[in-house]
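Okay, structure first, notes after.
Heavy-atom basis, side chains included; hydrogens, waters and symmetry copies ignored. For this chain, numbers begin at 1 and follow the sequence in order.
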Amino acid sequence: MIDKIALHWKILIGMILGLVFGLIMKNLEQKGIVVDWIKPFGTVFINLLKMIAVPLIVVSLIVGLADLKDISKLSKLGGRTVLFYLCTTVIAVSLGLILANIIKPGSYINESSRKSLLENFSGDASQKIELADKAKTSGPLQPLVDIVPDNIFNSLSDNGSMLQVIFFVILIGIGLILIEEEKAKPVVDFFKGMNDVILKIIDIVMLFSPYGVFALMAALMVEIPDFSTLEALGIYGLTVLLGLLLMVFILYPSLLLLFAKVNPITFFKAIAPAQLLAFSTSSSAATLPVTMECVTENLGVDEEVSSFVLPLGATVNMDGTSLYQAVAAIFIAQAMLPNPLDLNTQLMIVVTATLASIGSAAVPSAGMVMLVIVLGQAGIPEAGLALIFAIDRPLDMCRTVVNITSDATIATIVAKSVGKLNTPREV
């Protein structure tokens with residue numbers, strides 16, 4: 001019976017069927033049918049996940065913080081989370097730079113391909129450059145200012161304002177810890193009840209996931225550029241993929257074994273639905289509800305840890321995006337500059353890409369905007385962004401998988417370090 005098939009297998013089947021269907025429709029030159037009648041169901045699915053993301057963060061984080069009952073525990077939890085997130089981001093950027101310097105993907109692109117890509121995608125690049133220019137005109141402390149909302153209701157209605165929501169909810173959690181327990185109890189009980197309701201809503205939404213993934217994959221296949229365009233970027237794409245694979249299958253399993261004593265196979269089985277969904281949606285925010293459910297129910301991470309670590313990670317921890325930015329920066333420099341970048345410039349890319357990843361919204365292609373800032377700081381022509389647009393969507397899907405895998409890894413490690421990791425259940 002199909003109902004007994006594990007969720008990640010249902011999603012995988014939907015993904016494969018969607019790709020096959022999209023390929024057939026593309027060859028039959030029926031792109032319009034897929035875009036007009038199939039793709040909207042994928043958009044509805046993503047919207048359902050995004051709809052529930054902010055309410056989930058609010059209620060689960062309040063419940064988790066209230067259960068801590070001690071502000072010193074919150075300080076310990078926050079400190080370890082930020083430390084691990086920063087360390088993995090620096091490793092990701094450094095790995096990207098090393099691979100790009102060894103493989104030299106920019107040297108494989110010929111003059112005709114370079115001119116063609118610059119002409120075809122100059123408009124898309126200009127849009128991202130304009131968005132990045134707005135970010136660059138802000139003062140150095142603007143990210144700090146942006147964390148504090150001037151109207152929390154506006155922030156609650158915008159998935160791009162997750163840091164503001166987290167800041168506000170942390171204040172509520174601290175307030176609940178500091179007031180008398182009998183006064184806090186009705187509030188905590190209400191949010192615990194709401195948490196159960198929202199988790200049930202997620203279960204309902206996930207029943208639609210195979211069909212939503214099918215629609216997303218079919219739309220991707222008919223909208224992706226022709227292979228001849230992608231062929232010129234093949235070495236660049238493979239360089240990014242190699243780095244992402246090393247992160248997923250070498251770095252994170254090593255961290256899990258070293259710091260959490262968790263079997264990587266058990267880990268990957270537990271978060272498979274979230275990884276497949278991340279690949280399909282290209283959005284950490286849209287995947288967040290499923291990531292939290294997988295980490296809490298399958299991996300055994302206590303809810304008070306997952307409700308803090310994962311929403312924060314979806315906002316500030318972008319290992320896949322950081323690695324991609326490092327490779328892309330070197331690739332564009334190799335393709336457009338006469339001389340290679342010196343060591344100091346590349347070290348500054350590590351710093352800039354790390355900071356930029358913190359500011360990347362957890363939505364598709366947000367890393368592209370932050371890449372403009374990285375390019376500008378390194379003195380690389382920002383117009384070179386047009387070189388990588390053709391292959392950005394499939395790479396975006398892959399790096400989102402790395403982003404949520406990193407979040408789940410750190411949540412597991414932090415839970416183990418504070419004694420909040422239970423025995424993972426069989427999936």
Inter- and intrachain pairs under side chain to side chain donor-acceptor pair (under 3.5 Å), touching residues 174-191, at least two apart: Lys185-Asp189
Taking every non-hydrogen atom, the tightest pair across Ala328 and Leu371: CB-CD2, 3.7 Å
Residue pair Ser283 / Thr400, side-chain heavy-atom distance below 4.5 Å: no
Sequence neighbours excluded - ring pair (Phe, Tyr, Trp, His ring centres under 6.0 Å) pairs with any residue from residues 390-412: none
Pairing residues for Tyr236 by the ring-ring contact (aromatic ring centres under 6.0 Å, His included) criterion, not counting sequence neighbours: Phe331
Euclidean distance, Leu95 CG relative to Met247 CE, rounded to 0.5 Å: 6.5 Å
Ile170 side chain near Ile174 side chain, heavy-atom distance below 4.5 Å: yes
Steps toward side-chain contact (heavy atoms from CB on, under 4.5 Å) verdict (Lys269, Ile265): CA-CA 6 Å; Lys269 284 183 178 179; Ile265 296 175; 4.0 Å; yes
Residue list, side chain to side chain donor-acceptor pair (under 3.5 Å) with Ser94, at least two apart or on another chain: none
Heavy-atom side-chain proximity of Gln346 to Asn101 below 4.5 angstrom: yes
Side chain proximity check, Asn317 to Thr89, heavy atoms < 4.5 angstrom: yes
Positive for side chain to side chain contact (heavy atoms under 4.5 Å, CB included) with His8, one of Leu276, Ile13, Ile271: Leu276
Sequence-distant partners of Phe168, ring-ring contact (aromatic ring centres under 6.0 Å, His included), two or more places apart: none
Side-chain heavy-atom pair Val197, Val59 within 4.5 angstrom cut-off: no
For the student: nearest non-hydrogen atoms of Val374 and Ala329, plus distance: CG1-CB, 4.3 Å
side-chain contact (heavy atoms from CB on, under 4.5 Å) between Asp392 and Arg399, worked out: CA-CA 10 Å; Asp392 182 64; Arg399 62 185 185 250; 3.2 Å; yes
Residues 74-83 side chain polar contacts: donor-acceptor under 3.5 Å, at least two apart:
| residue | atom | partner | partner atom | Å |
| --- | --- | --- | --- | --- |
| Arg80 | NH1 | Ser417 | O | 2.8 |
| Arg80 | NH1 | Ser417 | OG | 3.1 |
| Thr81 | OG1 | Leu77 | O | 2.7 |

Under the ring-ring contact (aromatic ring centres under 6.0 Å, His included) test, residues paired with Phe308 that sit two or more places apart: none
Among Thr409, Thr88, Asp319, Thr412, side chain to side chain donor-acceptor pair (under 3.5 Å) partner for Tyr252: Asp319
Short N-O contact, Lys73 and Glu304, less than 4.0 angstrom: no
Audit row: Lys192, Asp67, side-chain contact (heavy atoms from CB on, under 4.5 Å) steps and yes/no: CA-CA 11 Å; Lys192 283 183 176 179; Asp67 284 343; 3.7 Å; yes
Gln275: side chain to side chain donor-acceptor pair (under 3.5 Å) partners, not counting sequence neighbours: Thr405
Beyond-backbone contact of Leu341 with Ile380, side-chain heavy atoms, under 4.5 angstrom: yes
Main-chain N/O of Val205 paired with Ser209 side-chain donor or acceptor, under 3.5 Å: no
Tyr211 and Phe45 aromatic centres sub-6.0 Å: no
Results of side chain to side chain donor-acceptor pair (under 3.5 Å) for Asp342 - residues two or more places apart only: Thr345
Pairs meeting criterion ring pair (Phe, Tyr, Trp, His ring centres under 6.0 Å) with involvement of residues 66-86, two or more places apart: Phe84-Phe259
Which residues share a side chain to side chain donor-acceptor pair (under 3.5 Å) with Asn195, sequence neighbours left out: Glu303
Check: Val213 and Thr281 side chains under 4.5 Å, non-hydrogen atoms: no
Verdict with reasoning, Leu387 to Met336, per side-chain contact (heavy atoms from CB on, under 4.5 Å): CA-CA 10 Å; Leu387 294 175; Met336 299 195 68; 3.9 Å; yes
Counterpart residues, ring-ring contact (aromatic ring centres under 6.0 Å, His included), relative to Phe249 (two or more places apart): Phe268
Residue pair Ser161, Asn154: steps toward the side-chain hydrogen bond (donor to acceptor under 3.5 Å, both in side chains) verdict: CA-CA 9 Å; Ser161 302; Asn154 286 341; over 6 Å; no
